[in-house]
Amino acid sequence: MAVRPGLWPALLGIALASWLHGSGAQQSATVANPVPGANPDLLPHFLVEPEDVYIVKNKPVLLVCKALPATQIFFKCNGEWVRQVDHVIERSTDDSSGLPAMEVRINVSRQQVEKVFGLEEYWCQCVAWSSSGTTKSQKAYIRIAYLRKNFEQEPLAKEVSLEQGIVLPCRPPEGIPPAEVEWLRNEDLVDPSLDPNVYITREHSLVVRQARLADTANYTCVAKNIVARRRSASAAVIVYVNGGWSTWTEWSVCSASCGRGWQKRSRSCTNPAPLNGGAFCEGQNVQKTACATLCPVDGSWSPWSKWSACGLDCTHWRSRECSDPAPRNGGEECRGTDLDTRNCTSDLCVHTASRPEDVALYVGLIAVAVCLLLLLLVLILVYCRKKEGLDSDVADSSILTSGFQPVSIKPSKADNPHLLTIQPDLSTTTTTCQGSLCPRQDGTSPKFQLANGHLLSPLSGGRHTLHHSSPTSEAEDFVSRLSTQNYFRSLPRGTSNMTYGTFNFLGGRLMIPNTGISLLIPPDAIPRGKIYEIYLTLHKPEDVRLPLAGCQTLLSPIVSCGPPGVLLTRPVILAMDHCGEPCPESWSLRLKKQSCEGSWEDVLHLGEEAPSHLYYCQLEAGACYVFTEQLGRFALVGEALSVAATKRLKLLLFAPVACTSLEYNIRVYCLHDTHDALKEVVQLEKQLGGQLIQEPRVLHFKDSYHNLRLSIHDVPSSLWKSKLLVSYQEIPFYHIWNGTQQYLHCAFTLERVSPSTSDLACKVWVWQVEGDGQSFNINFNITKDTRFAELLALESEGGVPALVGPSAFKIPFLIRQKIITSLDPPCSRGADWRTLAQKLHLDSHLSFFASKPSPTAMILNLWEARHFPNGNLSQLAAAVAGLGQPDAGLFTVSEAEC
C-alpha cells in the first residue's frame with residue numbers, strides 16, 4: 001500500500017508520541033493508548049500477535065500481526081522502527097462489524113539478530129493505530145537455535161552384580177532450545193512407562209533399580225532439539241552373577257567294609273552358576289573324611305551249665321548262651337540249640353496217678369497266689385491315692401506360715417528405706433528346710449529378707465523332687481519320653497537349648513542360660529492338687545518350618561513351652577529377645593503359635609489386643625514378654641509398613657587364635673541382635689578355635705531391598721596380600737530379611753608375605769546400600785593380642801535353669817499377698833493398682849490388667865519377669881511406699897500370721 005508523502009512524517013510523530021506515552025507500561029503485554037475523548041471501543045485490538053520463534057540455521061523467520069479496527073500497523077524491533085518497505089501489508093474489512101482490519105508481516109534474518117547477539121535478546125513488537133488511539137502487541141523474542149556437539153557428561157561402562165542398582169549419568173550438550181534426552185538400549189528406545197524397573201531422573205540419568213541379566217546391553221544417551229540430534233558414546237553394562245555352591249551331597253559309603261577307610265561328599269558351583277565374568281565359588285568342591293567301619297564279630301557259645309536235678313518227668317537239662325563273644329556288627333548268630341534235655345533214669349521212670357492229697361496241695365498253692373496278687377493291687381491303689389493328694393497335704397499343713405516366727409511390730413520411720421523388710425526375732429531358733437523344694441536364700445538383697453527359715457516347712461521324706469537339666473541321664477530320659485509323642489518329635493535331642501522342671505501351685509521359673517529366654521510360672525497358675533512337668537525349648541529356625549508371607553520377617557527365636565493342653569488358672573509369662581526396632585508406624589507385629597497339627601496361626605496382633613484375649617504382649621526395646629494361658633510353640637513375626645522399618649544386626653569379627661600357615665582368615669558374622677544368636681556363634685567359634693578381634697557393633701538393616709556389602713581396605717601390601725578377587729562381597733537382602741538364618745558370615749583371606757609377619761592393620765567396612773554402615777579399624781598382633789576375648793564371656797543367668805517355689809521370685813510370698821490384698825480393691829484416693837502401674841510405666845496395659853481377677857498380681861508377675869535375677873527391690877519398695885496406704889504395718893508379718 002502507498003502512503004502520501006506528507007502523511008508519513010505525521011504518522012511517525014503520532015507513533016513516537018504514543019510510544020513515549022506508553023513507555024512506562026509493561027513491554028511484554030498488549031498496551032492501549034486511547035486518544036482523549038475518543039470512543040475506547042474503537043481502539044485497535046489484535047487478532048494475531050507476534051510469538052517467540054527460533055531461527056534454524058540461516059532460514060529467516062516470519063512475524064505476523066493483525067488488528068481490528070486498524071488504519072496503520074508497524075513493527076518495532078529492539079527499539080527501532082522497521083522500514084516501511086520491509087512490511088507486507090494486507091487490508092480488509094470485517095464482515096460482521098464493517099470495521100477496517102489490517103494484517104502486516106515482516107521477515108527477520110539471522111544477520112539482524114546477530115547484530116545484537118551478546119548484548120541483549122532480539123525482540124519485535126507491533127503498534128496499531130485507529131482514530132481512537134494506539135495499541136501495542138506483546139513482545140516476540142527471536143533466538144538463534146543451536147545444539148553443541150559435545151556432551152557435558154557421557155555414560156561410562158559398568159560391571160554390576162545381579163540385583164544391584166545401576167546409575168548411568170548423562171548431561172546433554174548446551175543448546176537453545178534445551179535438548180530433550182532419551183535413552184537407547186541396544187538401539188531400542190527405553191520406555192520407563194513399560195518397564196517399572198527403570199526410570200530417568202530430572203538430571204537425565206538412567207537408573208535401573210535392580211539389575212537383571214536382561215539389562216546387559218550397550219546404552220546410548222541421545223539429545224535432540226529443533227536443530228540437531230546428538231548421540232553419546234555407548235556405555236557397555238555387564239550384569240554378572242557370582243557363583244554359589246549347591247548343597248553338599250550325602251556322604252558316600254565308607255571305602256573300607258572293615259576297619260579304617262575314607263568317605264567323601266561333593267558340591268557344585270551351580271547355585272547359581274557364574275555368568276558374565278562373575279566370580280567362581282571359593283572353597284573346595286570335594287570333602288574327604290576318615291571313617292571307621294566296625295568289623296563283624298561272630299557269636300560263640302559259652303560253656304554248658306551244670307545238669308539240673310532230675311524232674312518228675314524223669315529228665316534233667318542244661319543251658320548255654322551265645323555270649324562268648326556275643327555277635328556284634330552284623331556277625332553271625334551261634335549255630336545249634338541253647339538247651340539240652342536228657343533222661344536221667346535210663347527210661348526206668350515210673351509215672352503214677354495223682355493222689356487226692358496232691359490235688360489239695362495244688363489248690364492251696366493257687367489260692368495263696370491269688371490272695372497275694374489281690375494284696376499287691378490294694379497297696380498300689382493306696383500308694384497312687386497318697387501321691388495324688390500330695391499338694392493338698394502340703395496346702396493343709398500351713399506351709400506358708402510355719403516358716404515365720406513371731407516378731408515385734410514397731411511403726412517404721414517415714415524415711416526408712418527398708419520399708420518392706422521383715423525384721424527377725426533373734427531369740428528363736430532358725431528352722432532348717434530338708435525337703436527337695438527348699439528355696440534359695442538370697443543373701444545379697446537388702447530388701448524382702450526372710451528372717452526365720454524359708455516359706456516352706458520341712459517336708460518329710462523328700463516327697464517333691466526338683467528336676468533340672470544338669471544331670472545328663474535325666475535330661476536324655478525326659479527328651480526320650482517327649483519324643484514318643486507326635487507333637488514333640490521336632491524337639492532337639494540335646495540339653496544345651498532345653499530345660500525342664502516339676503512344678504505345683506507354688507509356681508517357679510525356667511531359664512535357658514545365655515539366651516534371654518525364660519518362662520515365669522506365677523503362684524496359683526497351676527491348680528492346687530496338680531503337679532506338672534514343664535519344659536522350655538529353643539529351636540533353630542532351620543529345624544522348624546515357619547511359613548512367612550510377603551514382607552514378613554522373623555524377629556525372635558522360636559520357643560516351645562509345654563506340654564500343650566495343660567490346665568492353667570493364671571497366665572504364665574514367656575520372655576524372649578527380639579531384633580526389631582519397635583516403632584508402631586513402621587512395623588506390624590504378630591505373635592504366631594503352632595497348632596498341634598503343625599500349622600502356624602496368628603494368635604495376637606500387637607497394638608490390637610483385646611483385654612479378654614488369651615494372649616497379651618509387653619514389647620520393649622530388646623525383649624518381649626508374652627502372657628499366655630495356653631502353652632505351645634511361639635515366634636514373633638514382623639511385617640514392614642515402610643522403609644523406615646529396621647532390624648538390629650550384630651556384627652562380630654573373628655580370626656584364628658593361632659596362625660600356623662601363611663594364610664589368615666578374618667570372619668565377619670552378621671547375626672540377629674539377640675542373646676541366643678550370639679550364644680550360637682560364640683559356641684561355633686570356640687569349636688573353630690577363633691577369637692574376637694574387635695568390639696561388636698550394631699547395624700540397623702532397613703527394608704529397602706538393598707543388599708549388605710562387606711569389604712576390606714588399607715591392607716599393607718608390603719606385609720599382607722589380599723586374596724579377594726572382587727572389590728567387595730555381598731549378602732543378598734532376602735537372606736537377611738527373612739530371618740530364617742540366625743547368622744550369616746563372609747570371610748576375607750589374607751596371605752602373609754613372610755612367616756614372621758604378626759602385626760595386622762586394616763579396615764573392614766560393612767554397610768547396606770543406601771543405608772546404615774559400620775567401620776572396623778583393625779590393629780593388633782595376631783600371635784599374642786587377646787584384649788577382646790573377655791567381651792563375649794558367657795555369664796550365668798541366675799544359677800540353675802529351673803527354680804521351684806519362692807526361690808524363683810524376688811518378692812517374698814507373704815509380702816506379695818499383702819500387696820495384692822491392699823491394692824486390688826479400688827481406692828477413692830487413687831492409691832490402688834492403677835497408680836502402681838503408672839509408677840512402673842505400665843499404664844498402657846490398664847485394660848488388660850483390669851480384665852484379670854487380680855490386676856496387682858499381673859503387675860507383680862510382669863515385674864518379676866522383667867527384673868529377675870538382678871531386679872532392684874528398692875525401686876519397687878519406693879513405688880509401693882509412694883501410694884500412701886494408711887496402714888503403717890501393711891508390709892510386716894504379725895505374730896498372729898505366724
Side-chain angles (χ1 to χ4, degrees), residues 1-56 59-116 120-145:
M1 181 199 107
V3 181
R4 289 181 298 172
L7 183 58
W8 181 252
L11 290 175
L12 289 177
I14 294 172
L16 181 59
S18 300
W19 186 268
L20 293 175
H21 184 269
S23 60
Q26 190 176 8
Q27 297 298 309
S28 61
T30 302
V31 180
N33 296 311
V35 174
N39 185 2
D41 295 336
L42 297 178
L43 281 172
H45 64 275
F46 288 96
L47 303 177
V48 179
E49 293 186 83
E51 297 180 349
D52 295 345
V53 67
Y54 294 96
I55 296 177
V56 179
K59 296 179 181 179
V61 294
L62 179 67
L63 299 180
V64 180
C65 197
K66 184 176 182 179
L68 175 76
T71 57
Q72 291 293 339
I73 299 177
F74 290 98
F75 274 93
K76 192 171 188 178
C77 297
N78 275 55
E80 296 182 1
W81 292 100
V82 178
R83 294 184 307 167
Q84 182 183 10
V85 296
D86 295 333
H87 290 73
V88 177
I89 301 174
E90 291 184 6
R91 294 180 181 273
S92 61
T93 301
D94 185 61
D95 296 336
S96 60
S97 62
L99 296 176
M102 194 173 195
E103 181 178 333
V104 178
R105 295 187 294 272
I106 65 171
N107 287 320
V108 180
S109 65
R110 184 185 184 102
Q111 290 77 13
Q112 291 175 267
V113 177
E114 287 179 341
K115 287 181 181 179
V116 295
E120 59 178 329
E121 288 191 296
Y122 192 89
W123 56 268
C124 292
Q125 187 179 36
C126 287
V127 181
W129 283 266
S130 72
S131 59
S132 296
T134 62
T135 304
K136 302 173 186 176
S137 72
Q138 66 181 7
K139 286 183 178 180
Y141 290 90
I142 299 93
R143 301 177 178 90
I144 299 175

Heavy-atom distance under 4.5 Å between the side chains of [X] and [Y], does that happen here?
X    : Y    : answer
F74  : V127 : no
M102 : I89  : yes
L63  : I142 : yes

(request) Sequence neighbours left out, what pairs pass disulfide bond (SG atoms under 2.5 Å apart) with at least one residue falling in residues 76-115? (result) C77-C124

Would you find a donor on one side and an acceptor on the other, under 3.5 Å apart, between the side chain of [X] and the backbone of [Y]?
X    : Y    : value
R91  : T71  : yes
D52  : A140 : no
T135 : H45  : no

The criterion is side-chain contact (heavy atoms from CB on, under 4.5 Å); which residues satisfy it with [X], sequence neighbours excluded?
X    : answer
S92  : A101
V64  : V48, L62, E103, R105
D86  : V82, R83
A128 : P44, F46, A67, I73

Calculate, to the nearest 0.5 Å, the distance between atoms [atom1] and [atom2] belonging to [X] and [Y] respectively.
X    : Y    : atom1 : atom2 : value
E51  : Q138 : CD    : CD    : 6.5 Å
K139 : K76  : NZ    : NZ    : 10.0 Å
Q84  : Q72  : CD    : CD    : 7.5 Å
N78  : Y122 : CG    : OH    : 6.0 Å
L42  : L68  : CG    : CG    : 10.0 Å

(request) Give the intermediate values and the outcome of side chain to side chain contact (heavy atoms under 4.5 Å, CB included) for residues I144 and Y54. (result) CA-CA 6 Å; I144 299 175; Y54 294 96; over 6 Å; no

(message) Going by side-chain hydrogen bond (donor to acceptor under 3.5 Å, both in side chains), name the residues that satisfy it together with D94, two or more places apart in sequence or in a different chain.
(response) S96, S97

(message) Restricting to non-hydrogen atoms, name the atom on F75 and the atom on W81 that form the minimum distance, rounded to 0.1 Å.
(response)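 In this case the closest contact between F75 and W81 is O-CE3, 3.6 Å.
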
(request) Mind listing the closest non-hydrogen atom pair of S109 and P60 along with its distance? (result)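 Closest heavy-atom pair between S109 and P60: CA-CB, 4.2 Å.
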
